[in-house]
Protein chains: 2
Amino acid sequence: MSVTYPPGFRAAGVTAGFKPSGQPDLGVLVGDAGTTAAALFTTNAVAAAPVQVGRDRIGRGRVRAVLVNSGQANAGTGSRGIDEAMATSAAFAALIGASAEEVLPSSTGVIGEPLHVSQMCTAMPTLVGALSADGGESFARAIMTTDTVDKQASAHAGTFRVGGCAKGVGMVAPSLATMLAFLTTDAAVAREDLQRLAAGCLAPRFDGLTVDGCTSTNDTVVLLASGAAGREPVTPGTEAWRELSAGFDEVGQSLVAQLIADGEGATHVMIVEVDGAESDDDARRVAKAVADSPLVKTAVFGGDPNPGRFLQAVGAAHAPVDAARLDVSIGGVEVAIGGVIPPAYFEPASALAQRARAAMKEAEIAVSVRLGDGRGTSRAYGCDLSYEYVRINGEYTT
Amino acid sequence: MSVTYPPGFRAAGVTAGFKPSGQPDLGVLVGDAGTTAAALFTTNAVAAAPVQVGRDRIGRGRVRAVLVNSGQANAGTGSRGIDEAMATSAAFAALIGASAEEVLPSSTGVIGEPLHVSQMCTAMPTLVGALSADGGESFARAIMTTDTVDKQASAHAGTFRVGGCAKGVGMVAPSLATMLAFLTTDAAVAREDLQRLAAGCLAPRFDGLTVDGCTSTNDTVVLLASGAAGREPVTPGTEAWRELSAGFDEVGQSLVAQLIADGEGATHVMIVEVDGAESDDDARRVAKAVADSPLVKTAVFGGDPNPGRFLQAVGAAHAPVDAARLDVSIGGVEVAIGGVIPPAYFEPASALAQRARAAMKEAEIAVSVRLGDGRGTSRAYGCDLSYEYVRINGEYTT
């Protein structure tokens, strides 16, 4: 299904040889002529070369294809990186009869290592030959790095279809977007409206995702609308717009859930719901602070609720917090009420502690934080901090 | 030596039974009549009861003693916690013929578990009996929790002496102070001037310390000046003030270095120096972002320089960063120049990579980040993220 679920798209993934493992590592997604595009990019000040080129090309308004390599991030590569992102995307554009401006380059992998330009160019004819209307799955596989599974999703949106795929298991704490995610629809949408949809509907979803609090240099979310379902554009305020937004929301939420479940070393997923904040922004800061806290993450790994660590994380979130009105529950078990952990929690064989401990054994742990009676809410998706995260990242390039 | 190195102080530490291990867990430090006090407290919005009581008592201007228990943090305990902090410090004050306002309560340990009031009161007479002018070492031991060694320091400051001790190995990322640190001098210093010295000289030192990015609910730094060396107060702008500041700085720096070396699970210390920033505050944000990054910390644990992770952390620091002017070196080896990782780094058997890798094997790893030609500088002390940190915090209360 994936990104080629909506009509109007072809995709492919092949092995160019960027990865020592020999797994597929070069992918492409192409929309038919007339496709519109919108994107969200990382806020990291050290943005990768393809992000810099991509920002410019999205601004020019002609993007309808993305060319993705995995193995080298093409970040920390300076002007050489920019030149190589432009040259390789231009070479690919020529092969499909498009101009370079129509192709958005995207990269993921080791930061600093230059692109393998000759390998990439050698593989391009094979890649073009493999383009197919059901190539979404091979595209989704070609963009993986340390991902253990591919992440794909699709939805119906009224008469339209929405598809998507994503990758990213570490260095994931998007500030506006996750590592790499690509979403498609067969609706026709003007590109300004598509950008509005990205900012309003998808940015909050991907903003709530954090594997390790590390915002990547390469985060990119791309939306492509082929218009294959009919050329009449879908515009804001209509029923079709609401249906399409709901479809993108469904695909975005599914991809976020798949990304966090495959977080590096993750053994448990943690969903932190914050409400009663003065603003959504305050709620977001608290939700991310809890989901990012190493002490909360190790408690989740150890299956030990340790309510004090949740209070500590909320209090240190740099948001207005009145400790006397702070309630925290884990899997529905109230472990702090009005900022106080019930003393019964610390009694031998405490029933409260036992219930909280049972809630921490679930694969998916629901943490609820109420800050007061404000209307601000937010949800963050996090995971635990395990020996495996340390192993993966202590050994990554050696 | 420690906190009783300067004349005018007595201290003691005994076992009251708060810790299952049976180690000493109740300590007291008392300055002679006329002692002045200043303090820095946590910025965590969920401040512990003793922090709330201590803030009030420091404001009243009569504090000359600190009573510290380890085992229970007396945080997340609400009004009961406040009552118990006041009651136990009042009981101790009565035993030494002081008023409650002269005693600052301080606690460290599990958040939420109530104080063991009866155990504490039972142990107090023994504690008072043990008070001694060379009791600094037993005090330093009684305040430890998961610390593996006690942390003590002393310095000469002209004709004066400065002493100090501290504890804290996890939940350490002071925003104004570390877990618990106590510094003393035999100089006479007016309490407003002592507070100035705390804010100007010690806050920047302790601010640079981060074990895990988790600002505690209990962080407290207390300065006590006994005046035993002579009643003439030391005032700002004098040579004696400069000497005394240098003495406090030396003791503060030594305690910070001892704290980070004993960071939970730490196998390497990382000292991040940032210069060329537009402001000290920008430099501080970048230094802390590098020292707190799980990807940098696991790279340090694995002994793999992985320069991209340092670029990622700098770029995500929420400070103005011009990637084109960003230089990073590790142990003096330049791994990024003008935001670019030298391509030679990725060549097989790269001499540059070998030198960087050798630098990462040192017990103390010096990371230097230059942001431009601004005058802002900062230094952060961090440590690696090891299997042992995950083990300690995955198993803490179970």
Side-chain angles (χ1 to χ4, degrees), chain A residues 44-47 73 75-78 80 110-114 170-171 175 212-217 293-295 298-299 301-304 306-309 311-317 320-324 326 336 338-341 343 345-346 385-387 389-391 393-398, chain B residues 44-47 73 75-78 80 110-114 170-171 175 212-217 293-295 298-299 301-304 306-309 311-317 320-324 326 336 338-341 343 345-346 385-387 389-391 393-398:
Chain A
N44 193 304
V46 182
T77 48
R80 169 183 175 168
V110 178
I111 296 172
E113 187 180 353
M171 203 179 281
S175 188
D212 53 10
C214 297
T215 300
S216 160
T217 50
S293 161
L295 290 173
T298 47
F301 176 61
D304 177 355
N306 205 331
R309 296 192 186 174
L311 292 185
Q312 179 275 325
V314 171
V321 170
D322 178 357
L326 170 61
V340 177
I341 300 168
Y345 188 91
F346 297 95
L385 171 56
S386 67
Y387 296 123
Y389 179 88
V390 177
R391 192 194 63 74
N393 289 296
E395 298 178 358
Y396 185 44
T397 68
T398 43
Chain B
N44 193 305
V46 183
T77 47
R80 169 181 174 167
V110 178
I111 296 173
E113 188 179 352
M171 204 180 278
S175 189
D212 51 13
C214 297
T215 299
S216 161
T217 50
S293 162
L295 290 172
T298 47
F301 176 61
D304 177 355
N306 205 332
R309 297 193 185 172
L311 292 186
Q312 179 274 325
V314 171
V321 169
D322 178 356
L326 170 60
V340 177
I341 301 168
Y345 187 91
F346 297 93
L385 171 55
S386 66
Y387 297 122
Y389 179 88
V390 177
R391 192 193 64 74
N393 290 296
E395 299 178 359
Y396 185 43
T397 68
T398 44

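On a predicted model such as this, the values are computed, not experimentally measured, just so you know.
Remark: A:Pro294 engages A:Leu385, B:Asp212, B:Cys214, B:Tyr389 in a side chain to side chain contact (heavy atoms under 4.5 Å, CB included) (not counting sequence neighbours). Remark: A:Ala75 pairs with A:Ala48, A:Ala73, A:Ile111, A:Thr217, A:Asn218 by the side chain to side chain contact (heavy atoms under 4.5 Å, CB included) rule, at least two apart or across chains.
With respect to chain A, the highest number of heavy-atom pairs below 4.5 Å among B:Gly78, B:Ala45, B:Ala317, B:Ala324 belongs to B:Ala45. No other option in B:Ser386, B:Gly112, B:Pro320 has as many heavy-atom pairs under 4.5 Å with chain A as B:Gly112. No other option in A:Leu326, A:Val46, A:Val390, A:Thr77 has as many heavy-atom pairs under 4.5 Å with chain B as A:Val390.
Here the straight-line distance linking atom CZ of A:Arg391 with atom OG1 of B:Thr298 works out to 12.0 Å at 0.5 Å rounding.
The heavy-atom pair separating B:Pro114 from A:Pro343 by the smallest distance is CG-CB, 3.7 Å. The minimum heavy-atom distance linking A:Asn393 with B:Leu295 is given by the pair OD1-CD2, 3.2 Å.
With a threshold of 4.5 angstrom between heavy atoms, B:Tyr345 does not approach chain A through any atom at all.
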